[in-house]
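Shown next, in structure tokens, is the structure this report addresses.
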Amino acid sequence: QVQLVESGGGLVQAGGSLRLACAVSGRTFSRYVMGWFRQASGKEHEFVAAISWGGGSTPYANSVKGRFTISRDNAKNTVYLQMNSLKPEDTGVYYCAARSSVVLTTIPTQYDYWGQGTQVTVSS
């Protein structure tokens, strides 16, 4: 069974930075497309970023492009989300997700496994 555990969330002032990490159990991490999503209070899951098996393809939501960077370390079974120049509208619970497919997608229902989420709060 695949398990995902996020860490690195917290409270930060606007303009600050946070680095989220998602540790994934299982032998075939390098075969998973990985994604980060977020959910603000009362809203649906919103795509943030995704990364292909080898890390060569990394689509981003327009709202975070140029500020956030997704990366992965297949030797450590971990995916990261570096978040810079944070804004209050970035506040929410951030989830990592894994998809056992080579095809990247921004659609949350097409991911197979999810972590429990980590809270990110950006104060103004």
Side-chain angles (χ1 to χ4, degrees):
Q1 185 175 354
V2 178
Q3 290 186 322
L4 290 71
V5 180
E6 300 98 335
S7 61
L11 172 64
V12 64
Q13 288 188 332
S17 298
L18 284 174
R19 188 192 196 204
L20 306 183
C22 174
V24 182
S25 67
R27 300 180 184 180
T28 57
F29 172 75
S30 61
R31 298 283 183 167
Y32 292 127
V33 163
M34 298 299 300
W36 284 98
F37 295 82
R38 65 188 181 189
Q39 187 173 28
S41 179
K43 295 188 177 181
E44 295 184 350
H45 282 91
E46 175 191 14
F47 169 74
V48 175
I51 188 166
S52 58
W53 288 3
S57 182
T58 53
Y60 294 91
N62 287 335
S63 59
V64 307
K65 203 171 293 184
R67 300 187 297 121
F68 290 12
T69 303
I70 188 172
S71 61
R72 67 190 296 162
D73 186 336
N74 287 342
K76 295 182 178 180
N77 281 18
T78 302
V79 62
Y80 304 95
L81 185 68
Q82 177 66 45
M83 305 186 294
N84 299 328
S85 302
L86 282 160
K87 304 175 181 180
E89 52 263 43
D90 295 317
T91 294
V93 179
Y94 282 68
Y95 299 90
C96 72
R99 183 171 194 240
S100 51
S101 167
V102 68
V103 179
L104 280 167
T105 179
T106 64
I107 302 172
T109 55
Q110 295 184 351
Y111 283 77
D112 303 301
Y113 307 100
W114 289 79
Q116 82 289 349
T118 185
Q119 176 71 43
V120 171
T121 303
V122 184
S123 63
S124 58

Closest approach of [X] to [Y] (non-hydrogen atoms, all atoms of both residues):
| X | Y | value |
| --- | --- | --- |
| Tyr111 | Gly35 | CE2-N, 3.7 Å |
| Tyr95 | Glu6 | CA-OE2, 3.3 Å |
| Ile70 | Trp36 | CD1-CD1, 3.5 Å |
| Met34 | Val79 | CE-CG1, 3.8 Å |
| Pro88 | Ser124 | CG-CB, 3.8 Å |
| Ser85 | Asp90 | O-OD2, 4.5 Å |

So, the side chain of [X] versus the backbone of [Y]: is there a donor-acceptor pair under 3.5 Å, distance only?
| X | Y | answer |
| --- | --- | --- |
| Trp53 | Ser101 | yes |
| Thr91 | Val122 | yes |
| Ser57 | Ser52 | no |
| Asp73 | Thr78 | no |

Side-chain heavy atoms of [X] within contact of [Y], under 4.5 Å:
| X | Y | value |
| --- | --- | --- |
| Val2 | Tyr32 | yes |
| Thr105 | Arg99 | yes |
| Leu20 | Val120 | yes |
| Cys22 | Val24 | yes |
| Val33 | Val103 | no |

Item to check | Listed partners of Asn74 passing side-chain hydrogen bond (donor to acceptor under 3.5 Å, both in side chains), at least two apart | outcome: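 In terms of side-chain hydrogen bond (donor to acceptor under 3.5 Å, both in side chains), with neighbours along the sequence ignored, Asn74 is linked to Arg72.
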Item to check | Non-neighbouring partners of Thr69 that pass side-chain hydrogen bond (donor to acceptor under 3.5 Å, both in side chains), sequence neighbours left out | outcome: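 side-chain hydrogen bond (donor to acceptor under 3.5 Å, both in side chains) list for Thr69, sorted by chain: empty.
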Next on the checklist: Ring-plane angle category for Phe68 and Tyr94, please: parallel below 30°, perpendicular beyond 60°, tilted otherwise.
Outcome noted: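 Judged by the thresholds at 30° and 60°, the geometry between Phe68 and Tyr94 is tilted.
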Which side-chain N or O atoms in residues 40-50 pair as donor and acceptor under 3.5 Å with protein atoms at least two apart or in another chain?
from	atom 1	to	atom 2	distance (Å)
Glu46	OE1	Arg38	NE	2.8

